[in-house]
Amino acid sequence: MPKEVLAPIRHLVAPHQVDHVDDLRWKGKKDRFLLMDAGKRGYHAFVTNDSTQLESVEEARAIRDSGMHHISYRHETRRGREGLALAIAGVLASVIPIIRELEQVEGQRLVEIQAIRPRQRHTTTNPTTHPPRYWSRRRK
């Protein structure tokens with residue numbers, strides 16, 4: 001996951017600890033070894049945008065053997081910054097309910113964060129033509 005997303009996630013999931021592969025100096029480590037090392041270090045969950053991990057026999061076994069919860073989300077790279085924003089929004093909107101749920105269960109879980117669909121999520125108003133009730137005219 002992009003390192004820039006860690007600050008808001010850390011804020012939302014406190015007091016849980018969140019580390020990035022860069023911070024652990026694990027960048028470039030093959031996922032199957034990364035998963036095993038993280039499980040041995042006592043991590044409880046692994047968050048990734050690699051949606052193919054469960055389709056790989058080696059990686060699926062590493063996920064199973066790590067004992068960690070596996071949390072995945074999709075990042076539509078072809079959409080550029082908009083795709084990244086949608087992915088980040090989905091993760092941020094989901095992280096608190098996921099933590100609550102995982103704190104209540106025994107054993108390992110596989111979690112897939114549903115993507116936020118691209119659509120307009122705002123309205124724009126021209127106050128000159130459609131002023132809000134509280135809008136007042138300029139004084140001369």
Legend entry - Interatomic spacing from CG in Asp31 to OG in Ser66 - rounded to 0.5 Å: 11.5 Å

Inset, instruction - Answer yes or no: are there more than 12 heavy-atom neighbours, outside Arg121 itself, under 6.0 Å from its atom CZ? - result: yes

Legend entry - Set of salt bridge (charged side-chain N to carboxylate O under 4.0 Å, His left out) partners for Lys29, sequence neighbours left out: Asp37

Inset, instruction - Identify whether Ile113 and Leu92 are in the same connected component of the hydrophobic contact network (ILVMFWY, side-chain heavy atoms under 4.5 Å). - result: yes

Legend entry - Phe46 and Ile63, any side-chain heavy atoms less than 4.5 Å apart: no

Legend entry - same_hphob_cluster(Val47, Leu34) at 4.5 Å side-chain heavy-atom cutoff: no

Inset, instruction - Indicate if Leu84 and Ile71 have the same hydrophobic cluster label, given that clusters are the connected sets of ILVMFWY residues with side-chain heavy-atom separations under 4.5 angstrom. - result: yes

Inset, instruction - State the CG-NZ distance between Leu24 and Lys27, to the nearest 0.5 angstrom. - result: 13.0 Å

Legend entry - For Lys3, side chain to side chain contact (heavy atoms under 4.5 Å, CB included) partners two or more places apart: Leu6, His20, Asp22, Asp23

Inset, instruction - Would you name the heavy atoms of Gln104 and Arg100 that are closest together and state the gap between them? - result: CG-O, 3.2 Å

Legend entry - Evaluation steps, side-chain contact (heavy atoms from CB on, under 4.5 Å), between His70 and Met68: CA-CA 6 Å; His70 183 267; Met68 291 186 299; over 6 Å; no

Legend entry - Arg74 vs Asn49 side-chain heavy atoms within contact, under 4.5 Å: no

Legend entry - Sub-4.5 Å side-chain heavy-atom contact between Glu101 and Arg109: no

Inset, instruction - Flag the pair Gln17 / Tyr43 as yes when at least one side-chain heavy-atom distance between them is below 4.5 Å, and no otherwise. - result: yes

Inset, instruction - Go through the steps for His16 and Glu103 under the test side-chain contact (heavy atoms from CB on, under 4.5 Å), then give the verdict. - result: CA-CA 11 Å; His16 297 283; Glu103 287 176 336; 2.7 Å; yes

Legend entry - Salt-bridge present (Glu82, Arg79; N to O < 4.0 Å): yes

Legend entry - Close side-chain approach of Ile96 to Val13, heavy-atom, < 4.5 Å: no

Inset, instruction - Please answer: with hydrophobic residues joined when any side-chain heavy atoms are less than 4.5 Å apart, are Val21 and Val5 in the same cluster? - result: no

Inset, instruction - Using distance alone, with no hydrogens and no angle criterion, decide if Thr52 and Asp50 have a side-chain donor and acceptor under 3.5 Å apart. - result: yes

Legend entry - From Gln108 atom CD to Leu110 atom CG, the distance as rounded to the nearest 0.5 Å: 6.0 Å

Legend entry - Contact check, side chains of Arg117 and Leu86, non-hydrogen atoms, under 4.5 Å: no

Legend entry - CA sep, side-chain torsions, deciding dist, call: Val105, His69, side-chain contact (heavy atoms from CB on, under 4.5 Å): CA-CA 11 Å; Val105 300; His69 303 296; 4.2 Å; yes

Inset, instruction - Treat each ILVMFWY residue as a node, draw an edge where side-chain heavy atoms are under 4.5 Å apart, and state whether Val111 and Ile88 are in one component. - result: yes

Legend entry - Partners passing side chain to side chain donor-acceptor pair (under 3.5 Å) against Glu59 (at least two apart in sequence or in another chain): none

Legend entry - Interatomic spacing from CG in Asp65 to CG in Leu35 - rounded to 0.5 Å: 10.0 Å

Legend entry - Heavy-atom side-chain contact between Leu102 and His44 under 4.5 Å: no

